[in-house]
Amino acid sequence: MSLRTVIVSLLILVAFIGASCGGGNGGTSAPTVEIEGYELTGPSREGSLILTRPDGLYEFTIAGAEMQPLVSPDEPGSFIFDPAISPQATQIAYVVQPPPRVVDGAYDSGSDIWIANRDGTNARLLYEHEEPNQLTRFPHWADENTVYAIIQVIEQVEGITQVVYTLQRIDAGTGERAIVLEDTVAFDISPAGTRIVYAKLDPTTSETLHAVDIDGQGNAAELVPVDEALAPFNSPHFSPAGDRIAFAAADQNAAPPTGQLFVTSQPVATTLNGLPEDIWLIDADGSRPQLVASLQEDIPALTWGGDGEYIYVLGVNALYEISLGNGAIEEIGEGAFHGQLVWAPGE
């Protein structure tokens, strides 16, 4: 079983056990890297971040650093994660994992996809898992009527446990599904709705980052090959203009051994699910990855601000704002254990 399989399985099964860890102190680091193609500007502070907390989805207003509940679980013991905003910002999609239960003698901790209005009202089920322990992750909107998501299924082949990942397209009106890509463990859709960037899992080598047309057809472009020694890939995201892609990854050549996590140069004792990760940037058509922020976080999630000049990262230790103009990193809020987030325009 691959490290990615172990990480994702444990992440869902223990969803948010340990809850919020660490927290932002409002500090700002000195610029650490020079990022090509950006000039220093003041933070726009526009919009909000929709992010996960142990008791549901919250909306964090960037300008005022105010946190308000948005969506709460209907059933006690459920967890909500993986928020996504539709292109016109009228709807949100998210994943709900109900409490584990035994159905017909089988243990089930599967997860489902829900959608709701932008303000969290009118929540309705989009896709319910169809077999025990089937996991749905990372919904993304292609348009106001179409959601893409990764569906993970555990299979037994000749006594060996295998985890199968497929990227599927779901019609939000009918629920009809179609497989788009195999062996996909993380992805994003371009703002124009024409391209997919995705992390491809190869059990014999490692993960690589690719891009392909929205229908999954044609030749996929390899953006970050194995020899860059960056893996695993988490939270790849197109910039608002669609010309660049940011992602979280561990530098296999430089990362310390698992078991100790270094955050802002201060060692923190922790049990890692994987290697400490930083934030990287490439051109959408492929280029050598450029380090944006050395965070050394455990499975961080990222999103772009609406102006394309700032990246927001939710890690275990803090909620970060990264300036692409000068590389400065500011802690603007509390972290969350393996949380997720998405930027959304103000209502």
side-chain contact (heavy atoms from CB on, under 4.5 Å) assessment of Y94 paired with V71 = CA-CA 10 Å; Y94 52 93; V71 178; 3.7 Å; yes

Under the side-chain contact (heavy atoms from CB on, under 4.5 Å) criterion, do V147 and L126 qualify, and how do the steps go?
-> CA-CA 9 Å; V147 174; L126 171 61; 4.0 Å; yes

Test log, rule side-chain contact (heavy atoms from CB on, under 4.5 Å), inputs W141 and T146 | CA-CA 6 Å; W141 296 84; T146 310; over 6 Å; no

Test side-chain hydrogen bond (donor to acceptor under 3.5 Å, both in side chains) applied to T61 and E66, step by step = CA-CA 5 Å; T61 304; E66 298 176 348; 4.8 Å; no

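Screening I329, V292, L291, N234 for a side-chain contact (heavy atoms from CB on, under 4.5 Å) involving I279 leaves a single residue, V292.
Atoms CD and CG, on E176 and D171 in that order, are 6.5 Å from each other to the nearest 0.5 Å. In this structure, CD1 on I85 lies 9.0 Å from CH2 on W343, to the nearest 0.5 angstrom. Remark: Q68 CD to L57 CG distance equals 14.0 Å, nearest 0.5 Å. Atom CZ of F233 sits about 11.0 Å away from atom CD1 of I245, to the nearest 0.5 Å. With rounding to the nearest 0.5 Å, the separation of OH in Y148 from CZ in F187 is 9.0 Å. Note that CD1 of I80 is 9.0 Å distant from CG of D55, once rounded to the nearest 0.5 Å.
Distance alone, capped at 3.5 Å, places no donor-acceptor pair between the N117 side chain and the Q91 backbone. A donor-acceptor contact shorter than 3.5 Å is absent between the side chain of E75 and the backbone of P99. The closest donor-acceptor contact from the side chain of H140 to the backbone of F138 lies under 3.5 Å. Between the D215 side chain and the Q217 main chain, a donor and an acceptor come within less than 3.5 Å of each other. Checked by atom type and distance alone, the side chain of D283 never pairs as donor or acceptor with a backbone atom of D285 at under 3.5 Å. With hydrogens and angles disregarded, no donor-acceptor distance shorter than 3.5 Å links the side chain of R195 to the backbone of G193. Without hydrogens or angle criteria, D82 side chain to R137 main chain gives no donor-acceptor distance under 3.5 Å. Checking side-chain atoms of T52 against main-chain N and O of Q340 turns up a donor-acceptor pair under 3.5 Å. The main-chain N or O of F79 is never found under 3.5 Å from a side-chain atom of Q97 such that the two would form a donor-acceptor pair. No donor-acceptor distance shorter than 3.5 angstrom exists from the side chain of D188 to the backbone of V197, with no hydrogens or angles considered.
A side-chain donor-acceptor contact under 3.5 Å links T90 and E144. No hydrogens or angles considered: a donor-acceptor pair under 3.5 Å links the side chains of Y312 and E321. Side-chain N/O atoms of S78 and D74 include no donor and acceptor closer than 3.5 Å.
In this structure, A293 and D278 approach most closely via the heavy-atom pair O-CB, 3.3 Å. Residues I214 and V180 come closest through the heavy atom pair O-CG1, 3.8 Å. When all heavy atoms of A301 and G339 are compared, the pair lying nearest together is CB-O, 3.4 Å. The minimum heavy-atom distance between E128 and D112, with the atom names listed, is CA-OD1, 3.4 Å. The shortest heavy-atom contact between I113 and I170 is CD1-CD1, 3.9 Å. Closest approach of L181 and V212 over heavy atoms only: CD1-CG1, 4.1 Å.
For the pair I115 and I92, the minimum side-chain heavy-atom distance is 4.5 Å or more. In this structure the side chain of H129 never reaches within 4.5 angstrom of the side chain of S111, judged on heavy atoms. Within the 4.5 Å cutoff, no side-chain heavy atoms of V342 are placed close to those of L49. Looking only at side-chain heavy atoms (C-beta outward), Y320 and I332 stay at 4.5 Å or farther from each other. Counting heavy atoms from C-beta outward, E330 and S323 have side chains that stay 4.5 Å or more apart. Between L230 and D251, the closest side-chain pair of non-hydrogen atoms falls below 4.5 Å. Counting heavy atoms from C-beta on, the side chains of I196 and T184 never come closer than 4.5 Å. Q168 has its side chain within reach of I151: a pair of non-hydrogen atoms, C-beta onward, lies under 4.5 Å apart.
With sequence neighbours excluded, the residues forming a side-chain contact (heavy atoms from CB on, under 4.5 Å) with V164 are E155, T166, listed by chain and number. Residues that satisfy the side-chain contact (heavy atoms from CB on, under 4.5 Å) test with A229, not counting sequence neighbours, are Q252, N253. With sequence neighbours excluded, the residues forming a side-chain contact (heavy atoms from CB on, under 4.5 Å) with D227 are P225, listed by chain and number.
Atom CZ of R288 is surrounded by 12 or fewer heavy atoms from other residues, nucleotides or ligands within 6.0 Å. Within a 6.0 Å radius of CD in E130, more than 12 heavy atoms belonging to other residues, nucleotides or ligands are found.
Note: F247 and W280 have parallel aromatic rings, judged against thresholds of 30 and 60 degrees for the angle between ring planes.
Taking the six-membered ring for Trp and the full ring otherwise, the centers of Y198 and H210 sit less than 6.0 Å from each other.
E182 and K200 are not joined by a salt bridge, as no carboxylate oxygen comes within less than 4.0 angstrom of a charged side-chain nitrogen.
Under the 4.5 Å side-chain heavy-atom criterion for ILVMFWY residues, no single connected hydrophobic cluster contains both L201 and I179.
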